[in-house]
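Only one structure is covered here, and it is reproduced in the block below.
Note that the structure is a prediction, hence the values are computed from the model and not measured. Each residue takes its place number in the sequence, starting with 1.
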Amino acid sequence: MSTEPPPPSLTERRKAATQLDIAHAAAELFAAQGPHATTAEEIARRAGVALRTFYRYFRSKQDAVSPLLTVGADRWRALLEDTEPGTALGPALRAAVEQALAAPDERSAEALLRTRGLLRAVADDPALRAVWYRVNQESEERLAPVIARLADGADETLDALEVRLVAAAATDAIRIALETWAGTGAGVEGPGSPADLAVRCLTRLLGGLGGIDGVAGAPGHR
């Protein structure tokens, strides 16, 4: 019997689409004029929804960006879940990060630049920063069972503590890379890009996983 959850209903898909529209509107306004100068009414108007609809989905204007941030975390976790069975954990993490943070087309580049604007706004707003950290914490918790399955499939022995440590380190590698990139003028590809910085962070934090940097005997490997 299949254990896969049923596909979302039409109502659920419409709800998710509306939430994402609101999140895009909030991110655009926060990046353009800052969270302090932005109201929930402006976000609702930009998204084309009534204010009561806004508050049906979100408790605050800062919380409105959470679906947008969650999409990125969900994407890279899904890439890990789709990894070829038996792939070593280090290379699997690197490949997923590189693909998730790549900018092969205009749409991907725009998404990264939108994230840059949002993260610059995060730095000046404690409530918005709390949303960013909450999304990362939730991502880490959802990543842990994926890490455990990957390690088992590749015959890598990780106990519960090590699984949590890898999930936390991988999540923080992406978070720190994006935050660092947001504070620079680097492009979406090449040196200093999100993917480049994330791989550097992974190499430092997870060097004990053989091949994380694509070279046998990564720093710290035993």
Side-chain angles (χ1 to χ4, degrees), residues 8 11-79 97 100-101 103 107-144 164 167-186 188 193-195 197-198 201:
T11 299
E12 290 171 330
R13 293 198 301 272
R14 285 175 173 169
K15 176 181 176 181
T18 299
Q19 290 175 320
L20 196 55
D21 286 343
I22 295 171
H24 280 295
E28 290 168 2
L29 287 167
F30 289 164
Q33 60 192 35
H36 299 295
T38 301
T39 65
E41 288 85 353
E42 286 180 289
I43 296 171
R45 187 163 55 249
R46 172 72 69 91
V49 301
L51 185 59
R52 65 178 179 276
T53 300
F54 176 94
Y55 281 116
R56 184 186 307 152
Y57 295 134
F58 304 109
R59 293 172 297 177
S60 68
K61 60 185 182 181
Q62 289 89 350
D63 191 45
V65 300
S66 56
L68 185 59
L69 297 174
T70 300
V71 163
D74 288 347
R75 181 168 182 264
W76 101 272
R77 189 172 59 253
L79 289 167
V97 165
L101 295 179
R107 183 177 179 181
S108 300
E110 287 177 352
L112 282 173
L113 293 173
R114 187 184 300 113
T115 299
R116 168 183 268 168
L118 182 55
L119 289 181
R120 287 177 175 176
V122 162
D124 298 322
D125 189 279
L128 193 55
R129 191 157 57 246
V131 172
W132 170 236
Y133 286 139
R134 187 194 77 218
V135 168
N136 277 275
Q137 178 63 38
E138 291 171 351
S139 177
E140 175 189 323
E141 292 169 359
R142 293 170 182 164
L143 183 62
R164 287 193 61 186
T171 301
D172 277 347
I174 294 178
R175 177 181 64 80
I176 292 168
L178 285 169
E179 289 174 352
T180 301
W181 174 72
T184 72
V188 296
S193 67
L197 294 175
C201 288

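Put simply, the side chain of Arg116 gets close to the backbone of Thr184: a donor and an acceptor are under 3.5 Å apart. Arg46 places no side-chain N or O within 3.5 Å of a backbone atom of Ala26 that could act as its donor or acceptor partner. Between the side chain of Lys61 and the main chain of Pro35, a donor-acceptor pair closer than 3.5 Å is present. Asp125 places no side-chain N or O within donor-acceptor distance of the main-chain N or O of Ala121, the cut-off being under 3.5 Å. With hydrogens and angles ignored, the 3.5 Å screen pairs a side-chain donor or acceptor of Glu42 with a backbone N or O of Thr39. Looking at Thr180, its side chain does come within 3.5 Å of a backbone N or O of Ile176 through a donor-acceptor pair. Looking only at distances, a side-chain donor or acceptor of Trp181 sits under 3.5 Å from a matching main-chain atom of Ala186. When atom types are taken as modelled, the side chain of Arg120 and the backbone of Ala182 share a donor-acceptor pair closer than 3.5 angstrom.
The distance from the CZ atom of Arg175 to the CD atom of Glu140 is 10.0 Å, given to the nearest 0.5 Å. To the nearest 0.5 Å, atom CG of residue Asn136 and atom CD1 of residue Ile174 are 8.5 Å apart. Summarising the geometry, atom OG1 belonging to Thr171 is positioned 6.0 Å from atom CH2 belonging to Trp76; distances are rounded to the nearest 0.5 Å. Here Leu119 contributes atom CG and Arg114 contributes atom CZ; the two are 12.5 Å apart, rounded to the nearest 0.5 Å. Distance CZ/Arg134 to CG/Leu69: 9.0 Å, rounded to 0.5 Å. Atom-to-atom distance recorded for Leu118:CG and Leu128:CG is 5.5 Å, nearest 0.5 angstrom.
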- Item | From CA spacing to verdict: side chain to side chain contact (heavy atoms under 4.5 Å, CB included), Phe58, Val65 | CA-CA 9 Å; Phe58 304 109; Val65 300; over 6 Å; no
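Closest approach of Val131 and Ser66 over heavy atoms only: CG1-CB, 4.0 Å. Closest non-hydrogen pair, Leu112 versus Pro194, comes out as CD2-CG, 4.2 Å. When every heavy atom of Tyr57 is checked against every heavy atom of Lys15, the shortest pair comes out as CE2-CG, 3.5 Å. Residues Leu68 and His24 share a closest heavy-atom pair of CD1-CE1, 3.4 Å. In plain terms, the two heavy atoms of Thr38 and Gly34 that are nearest each other are OG1-O, 2.8 Å. Contact record, Ala177 with Cys201: N-SG, 4.4 Å, taken as the closest heavy-atom pair.
One finds no salt bridge joining Glu41 and Arg45 here, because no Lys/Arg side-chain nitrogen approaches an Asp/Glu carboxylate oxygen to under 4.0 Å.
No side-chain heavy atom of Val49 sits under 4.5 Å from any side-chain heavy atom of Asp21. Between Ile22 and Gln19 the shortest side-chain heavy-atom distance does not fall below 4.5 Å. Inter-residue side-chain proximity for Asp74 and Arg142 is flagged as met; some heavy-atom pair is nearer than 4.5 Å.
The 12-atom threshold is exceeded at CZ of Arg75, counting heavy atoms of other residues, nucleotides or ligands nearer than 6.0 Å.
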